[in-house]
Amino acid sequence: MFRDVSACSTYNYGDSLYWDARYIQEANCGFFDWYQRYSALRPFVRKYISPSSRVLMVGCGNADIQMDVRDMSYFPDESFESVIDKGTLDSLMCGTGASISATQMLGEVNRLLLKPGGVYMLITYGDPTVRMPHIKRPVYSWNIDLYVIPKPGFQRPYGSTATNSLLEPIPTTEKGLLPPDYVIEDPDSHFIYVCKKMDETTHDTISIHPLVDDAMQR
Ligand SMILES: C[S@@+](CC[C@H](N)C(=O)[O-])C[C@H]1O[C@@H](n2cnc3c(N)ncnc32)[C@H](O)[C@@H]1O
């Protein structure tokens with residue numbers, strides 16, 4: 001939770017007007033990539049998303065179609081094989097009514113994904129303690145693979161003996177949390193949650209997280 005509080009408090013990340021202004025400003029300074037460059041994400045995209053599939057990228061400032069992710073009724077049910085979200089749920093989590101907004105957005109994502117097999121790829125700064133309560137819910141029937149990737153530019157400390165492979169999903173606890181002995185090398189790491197929509201009859205036993213109004217709400 002601390003990560004969310006600290007990330008939200010500096011700027012108005014939950015306000016879409018903040019982003020509109022920022023895109024205008026950044027356009028004058030050149031291109032920027034939020035969180036990660038595509039080169040770091042490419043292995044995950046290739047692993048989970050077929051090039052010929054219908055993909056929806058949410059929260060893109062320069063998209064052809066502008067809509068609120070909490071109401072994407074423009075699209076019929078099961079319109080997409082994949083939904084990619086880099087920082088959009090995070091933005092909602094910084095706004096007022098964060099939990100309600102997240103539930104609305106994730107409900108829409110779930111509705112738009114093909115069943116079974118549709119993939120929601122969430123790229124976020126939110127660690128499992130603050131994201132799993134929202135995404136690991138029986139109502140979604142999502143099987144979730146979790147990855148941790150360091151912030152661009154992170155250098156392993158000299159002498160580090162870490163052997164974690166960035167490309168292998170982390171075996172999580174029953175609640176979807178990192179195992180107690182898992183060490184995150186870079187405290188500014190990002191997280192990738194690959195949520196695969198299952199058939200209700202085949203999904204694993206999913207533990208229930210209470211959806212609390214956590215510290216992400218201001
Ligand atoms: C952290 S930025 C990420 C931008 C982009 N996805 C990227 O990776 O660079 C968050 C984005 O979420 C968008 N956003 C925030 N609330 C939204 C909402 N309710 N509906 C649609 N987009 C929203 C903002 O306009 C902004 O483009």
Side-chain angles (χ1 to χ4, degrees), residues 1-42 44-45 49 54-75 79-80 82-113 119-127 130-135 147 149-154 186-195 211 213-218:
M1 289 186 194
F2 176 73
R3 290 171 66 96
D4 266 7
V5 173
S6 59
C8 292
S9 54
T10 318
Y11 300 106
N12 233 350
Y13 286 159
D15 182 354
S16 58
L17 293 178
Y18 164 83
W19 291 106
D20 292 346
R22 181 161 174 172
Y23 286 128
I24 292 168
Q25 191 187 0
E26 300 279 351
N28 295 328
C29 309
F31 181 78
F32 81 103
D33 250 335
W34 197 257
Y35 297 160
Q36 295 282 332
R37 301 188 185 98
Y38 181 67
S39 54
L41 301 176
R42 188 187 295 124
F44 304 98
V45 172
I49 297 175
R54 285 163 297 162
V55 181
L56 175 66
M57 298 192 64
V58 291
C60 295
N62 56 358
D64 294 337
I65 305 173
Q66 304 275 333
M67 70 181 65
D68 191 320
V69 286
R70 294 168 292 186
D71 176 10
M72 297 188 277
S73 47
Y74 176 87
F75 297 117
S79 297
F80 297 96
S82 313
V83 174
I84 300 180
D85 166 4
K86 185 152 68 69
T88 303
L89 181 65
D90 291 357
S91 177
L92 292 183
M93 296 305 306
C94 291
T96 49
S99 285
I100 293 170
S101 290
T103 301
Q104 289 170 329
M105 173 183 169
L106 294 170
E108 280 293 80
V109 168
N110 189 50
R111 182 183 68 76
L112 293 181
L113 285 176
V119 167
Y120 170 47
M121 183 174 286
L122 167 64
I123 300 140
T124 169
Y125 64 74
D127 69 35
V130 293
R131 288 295 173 265
M132 285 296 186
H134 294 281
I135 60 177
Y147 299 87
I149 47 175
K151 198 172 173 176
F154 172 73
D186 175 12
D188 293 326
S189 285
H190 297 129
F191 299 82
I192 302 179
Y193 301 82
V194 182
C195 310
L211 260 185
D213 261 353
D214 53 39
M216 290 173 269
Q217 232 174 332
R218 288 180 298 172

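Just so it is clear, the values below take in all heavy atoms, side chains as well, and ignore hydrogens, waters and symmetry mates.
Distance check: Met57 CE to Met121 CE gives 10.0 Å after rounding to the nearest 0.5 Å.
The minimum heavy-atom distance between Met67 and Phe75, with the atom names listed, is CE-CE1, 3.6 Å. Taking both residues in full, the closest heavy atoms of Ser91 and Tyr13 are given as OG-O, 2.7 Å, listed atom of the first, atom of the second, then distance. The minimum heavy-atom distance between Tyr35 and His190, with the atom names listed, is O-CE1, 3.4 Å. Nearest heavy atoms, Ser101 versus Thr96: OG-O, 4.1 Å. The two residues Ala102 and Met93 make their nearest non-hydrogen contact at CB-SD, 3.6 Å. Residue Pro150 comes nearest to Ser189 through the heavy atom pair CA-OG, 3.8 Å, listed as atom of the first residue, atom of the second, then distance.
Here the side chains of Ile149 and Leu41 are in contact, with some heavy-atom distance below 4.5 Å. Looking only at side-chain heavy atoms (C-beta outward), Asp68 and Gln104 stay at 4.5 Å or farther from each other.
Of the residues listed (Leu56, Ile49, Val58), the one engaging Ile84 in a side chain to side chain contact (heavy atoms under 4.5 Å, CB included) is Ile49, and it is the only one.
At distances below 3.5 Å, at least one donor-acceptor pair connects side-chain atoms of Arg111 with backbone N or O atoms of Met72. Between the Thr103 side chain and the Ser99 main chain, a donor and an acceptor come within less than 3.5 Å of each other. Side-chain atoms of Arg131 do not come within 3.5 Å of backbone N or O of Asp90 as any donor-acceptor pair.
Sorted pairs that involve residues 92-106 and meet salt bridge (charged side-chain N to carboxylate O under 4.0 Å, His left out), not counting sequence neighbours, are lacking altogether.
For Thr88, the side chain to side chain donor-acceptor pair (under 3.5 Å) test picks out no residue, with sequence neighbours left out.
A side-chain donor-acceptor contact under 3.5 Å links Asp85 and Tyr120.
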| message | One pair to check against side-chain contact (heavy atoms from CB on, under 4.5 Å): Tyr74 and Ile65. What are the steps and the verdict? | response | CA-CA 10 Å; Tyr74 176 87; Ile65 305 173; 3.9 Å; yes

